[in-house]
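Shown next, in structure tokens, is the structure this report addresses.
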Amino acid sequence: MRELGEDPYPSRYDRTHTAAAVHGEHPDLAPDSRTGEHVAVAGRVVSVRGHGKLSFATVRDWTGPIQLMLAIDRLEPPSHEVLAQLDVGDWVGAAGEVVTTRKGELSVDVTELRLLSKALRPIPSSWYGVSDPETRYRQRELDLLVNEDSRRIFDVRFKTLASMRRSLVELDFLEVDTPILQPQAGGALARPFVTRANALDIDLTLRIAPELYLKRLVVGGYERVFEIARNFRNEGIDTRHSPEFTALEAYRAFGDVNDGMDLTEHLLTTAATDALGRSSVTSGERTIDLSPPWPRRHLLEMLDEVLGRKVHPEMDVVELRAVCDAHEVAYLEDWGPGKLVFVLYDQVLQPTIVDPVFIVGYPVEVSPLARHTDGDPTMADRFELVIDGKELANGYSELNNPDEQRERFETEARAAAAGDLESHPADLAFIRALEYGLPPTSGIGIGVDRLVMLLGEVSSIRDVILFPVLRPEAS
RNA sequence: GCGCCUCUAGCUCAAUGGCAGAGCAACGGACUCUUAAUCCGCAGGUUCUGGGUUCGAAUCCCAGGGGGCGCACCA
């Protein structure tokens, strides 16, 4: 191209129409018509069908494909040379009249074809695509370029995020951003990544959850806040866990656990409609109905049904261990009764749930930041949303009594001191904030990646994260 | 972390101990209504890496690397 005086990487192109706009303006043209309308489109060449003096090419922009008709006697110089050198994968701009072919396909009858960027590497076969998972994850740009289904999944992801953000803003929630680098991890039980701040000569941890900072903002007077937070947990990687993942957390002053369920249901059902245009998804052989309202059931009542007997975190650990044994649920010696009740739920009850259910009431022992239930100090006003056997969201009436919070933290700090890498020392700055007064508050957290997995109908979290963490390629 | 599977041309895949191949893409040519265009021609390899067994290894064995899946921990 350079020999012909054509720059293979020009600086700009004046596009007048996207592919979708051309199709949108001419939905029902009869075959072999001419519109007299001239447009300039631009996109990546995905297919070329040459016929000597007449060629067809399909270019795709981010709204979809449009066909170019390239008749040698209507092309103006230097378009002939561009066409002669054209490869699948090149970016081109094409100007000409909107027409339909004899077969009826809407096309641009090109008079000027410009090369916008040359593809030096060949694009994989459009028929077979790229299926090797390693290539798809390492070279996501190639995956997106070739695989329609990959584009579909990320379309679902970003529509879901946009929908939830829109819903929250409409409800007067303020989007905020809180620290990712934190002096001390908190807000969840998880092993953090640790990094070094040279200027301060201290270690910092990457956040495992934004929860404590968001509640401090509510103390500061922000009555409705949310953050779409990238969290980092230094733990195992599998089809449901990524070292970095996205959580949506929202806090609303003066609300309780029921308001949290209302909000969660609203956000998720709206997102499903906005992203998919329907309210059901499939998972393997099963069809999951997402239409509201979703049932709200008490945890202990459901456990009673599935276990055939009552359990409660007030019971003796020996008795609860016997229940675990009877259902082949493994446990550790140092687990208290609340943790045992929780694992019975997690192992026995949760996998049986398909359609959405809000399960309400969790042991305080496994809910260190949730307000305890009035009249029962061993249970917390907390819910989890379970869909298709998986936890998609959870939330609670926030614990705002600083003395009780301090006691809960001290329990966790003892575990940390005993060597538990997922437990953390008491966060004294958070306790101090509670001492200034946190109003009654409803908080929720939604696992965005898992939600997108559900809506996008894929089974690996790597399929919903653009660039998942992988080992570096060998040099 | 442990177990199982996998790695061959740019992509998708054959070849199961006996000359490393096909389709698509690329490259050269023909073709004015194609859309997985068609036709003719041509080229394409560290079979992930290293070692071993064998007359002979993509194939069998050992070690290492990447990836996938499952189990354990977690959301």
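No hydrogens, no waters, no symmetry mates; every other heavy atom, side chains included, goes into these values. So you know, we letter chains A, B, ... as the sequences are listed, proteins then strands, and number each from 1. All of these numbers come straight from a predicted model, not from anything done at the bench.
A donor-acceptor distance shorter than 3.5 angstrom exists from the side chain of A:S107 to the backbone of A:E105, with no hydrogens or angles considered. Judged by distance alone, the side chain of A:Q347 and the main-chain N or O of A:V329 form no donor-acceptor pair under 3.5 Å. A side-chain donor-acceptor contact under 3.5 Å links A:S33 to the backbone of A:A30. The main-chain N or O of A:G336 is found under 3.5 Å from a side-chain atom of A:E365 such that the two form a donor-acceptor pair.
If you measure from atom CG of A:D238 to atom C1' of B:rC2, you get 14 Å, rounded to the nearest angstrom. Remark: P of B:rC11 and CG of A:N147 are 13 Å apart, rounded to the nearest angstrom. The distance from atom CD of A:E422 to atom C1' of B:rA72 is 12 Å, rounded to the nearest whole Å. The interatomic distance linking A:L86 (CG) with B:rC27 (P) rounds to 10 Å, in whole Å. Separating the CD atom of A:Q67 from the C1' atom of B:rC33 is a distance of 8 Å, rounded to the nearest angstrom. Summarising the geometry, the separation between CG on A:L142 and C1' on B:rU12 is reported as 13 Å, rounded to the nearest angstrom. The distance between atom CD1 of A:I237 and atom C1' of B:rC71, rounded to the nearest whole Å, is 16 Å. As rounded to whole Å, 13 Å separates atom P of B:rG70 from atom CD1 of A:I461.
Distance CG/A:L399 to CZ/A:R371: 8.5 Å, rounded to 0.5 Å.
Partner assigned to B:rU53 is none, using Watson-Crick or G-U wobble distances below 3.5 angstrom. Figure legend. B:rG45 is base-paired to no nucleotide; pairs are counted as Watson-Crick or G-U wobble with both atom distances under 3.5 Å. The partner of B:rU38 is B:rA30, judged by Watson-Crick or G-U wobble contacts that both fall below 3.5 Å. B:rC69 is paired with B:rG3 under the criterion used here, namely a Watson-Crick or G-U wobble arrangement in which both key atom distances are under 3.5 Å. Applying the Watson-Crick and G-U wobble criteria (two distances, each under 3.5 Å), B:rU16 pairs with nothing in any strand.
Residues A:F56 and A:Q67 meet the side-chain proximity criterion, which asks for heavy atoms closer than 4.5 Å.
Between B:rC33, B:rU12, B:rA75, one nucleotide has an atom nearer to the side chain of A:H51 than all others, and that is B:rC33. Comparing B:rA75, B:rU35, B:rG10 by their closest approach to the side chain of A:P122 singles out B:rG10. Taking every side-chain heavy atom of A:T239 into account, B:rC69 is the closest of B:rC33, B:rG23, B:rC69. For A:E134, the listed nucleotide lying nearest its side chain is B:rG67; candidates were B:rA75, B:rU32, B:rG67. Comparing B:rC33, B:rA75, B:rG68 by their closest approach to the side chain of A:M69 singles out B:rC33. Taking the side chain of A:R102 as heavy atoms from C-beta on, and the options B:rC33, B:rG68, B:rU32, the nearest nucleotide is B:rC33.
Nucleotides B:rG44 and B:rG28 are separated by 15 Å at their C1' atoms, to the nearest Å. For B:rG45 and B:rA22, the P atoms lie 13 Å apart once the distance is rounded to whole Å. Comparing the C1' positions of B:rG51 and B:rA57 gives an interatomic distance of 13 Å, to the nearest angstrom. Taking atom C1' in both B:rC13 and B:rA58, the straight-line distance is 14 Å, to the nearest Å. A distance of about 33 Å separates the C1' atoms of B:rC2 and B:rG17, rounded to the whole Å. Rounded to whole Å, the P atom of B:rU6 lies 9 Å from the corresponding atom of B:rC60. If you take atom C1' in B:rA63 and the same atom in B:rG70, they sit 24 Å apart, rounded to whole Å. Atom C1' of B:rC69 sits at a distance of 45 Å from the matching atom of B:rC39, rounded to the whole Å.
Residue order along RNA chain B, read from the 5' end via each residue's closest nucleotide, puts A:I123 first among A:G236 and A:I123. Position along RNA chain B of the nearest nucleotide to A:Q139 versus A:V48 favours A:Q139 as the more 5'-ward residue.
Within 4.0 Å (heavy atoms only), A:S55 reaches no atom of the nucleic acid at all. Within the nucleic acid shown, A:E391 comes within 4.0 Å of sugar-phosphate atoms alone, with no base atom in reach, counting heavy atoms only. A:R191 comes within contact range of no nucleotide atom at all, as no heavy-atom separation falls under 4.0 Å. Among the heavy atoms of the strands lying under 4.0 Å from A:D87 are primed sugar atoms or P, OP1, OP2 only; no base atom is included. If you check every strand for non-hydrogen atoms under 4.0 Å, A:L470 touches sugar and phosphate atoms only. Note on A:D132: only backbone sugar-phosphate atoms sit closer than 4.0 angstrom, heavy atoms only; bases stay farther off. Across all strands shown, A:G50 has heavy atoms under 4.0 Å from base atoms, whether or not it also approaches the sugar-phosphate. Among the protein residues, A:S242 comes within range of the nucleic acid bases, having at least one heavy atom under 4.0 Å from a base atom.
An OP1 or OP2 oxygen of B:rC69 is reached within less than 4.0 angstrom by a side-chain nitrogen or oxygen of A:R462. Contact between the side-chain N/O atoms of A:S131 and the OP1/OP2 oxygens of B:rC13 is found at a separation under 4.0 Å. Here A:R121 does not reach the OP1 or OP2 of B:rG10: none of its side-chain N or O atoms lies under 4.0 Å away. Of the side-chain N and O atoms in A:S460, none sit less than 4.0 angstrom from OP1 or OP2 of B:rG68. Between A:R471 and B:rG67 there is a side-chain N or O to OP1 or OP2 distance below 4.0 Å. Distances shorter than 4.0 Å separate none of the side-chain N or O atoms of A:T101 from OP1 or OP2 on B:rU35. Considering only side-chain N and O atoms, A:R138 lies under 4.0 angstrom from the phosphate OP1 or OP2 of B:rG67.
A 6.0 Å sphere centred on CZ of A:R408 holds more than 12 heavy atoms belonging to other residues, nucleotides or ligands.
Because its NZ or CZ atom is not both nearer than 6.0 Å to the ring centre of A:F467 and within 45° of the ring axis, A:R140 does not count as a cation-pi partner of that residue.
Of the residues A:L267, A:T269, A:L268, the one that meets the side-chain contact (heavy atoms from CB on, under 4.5 Å) test with A:S167 is A:L267.
Ring-base stacking between A:Y137 and B:rG67 is not satisfied when judged by a centre separation under 5.5 Å and a plane angle under 30°.
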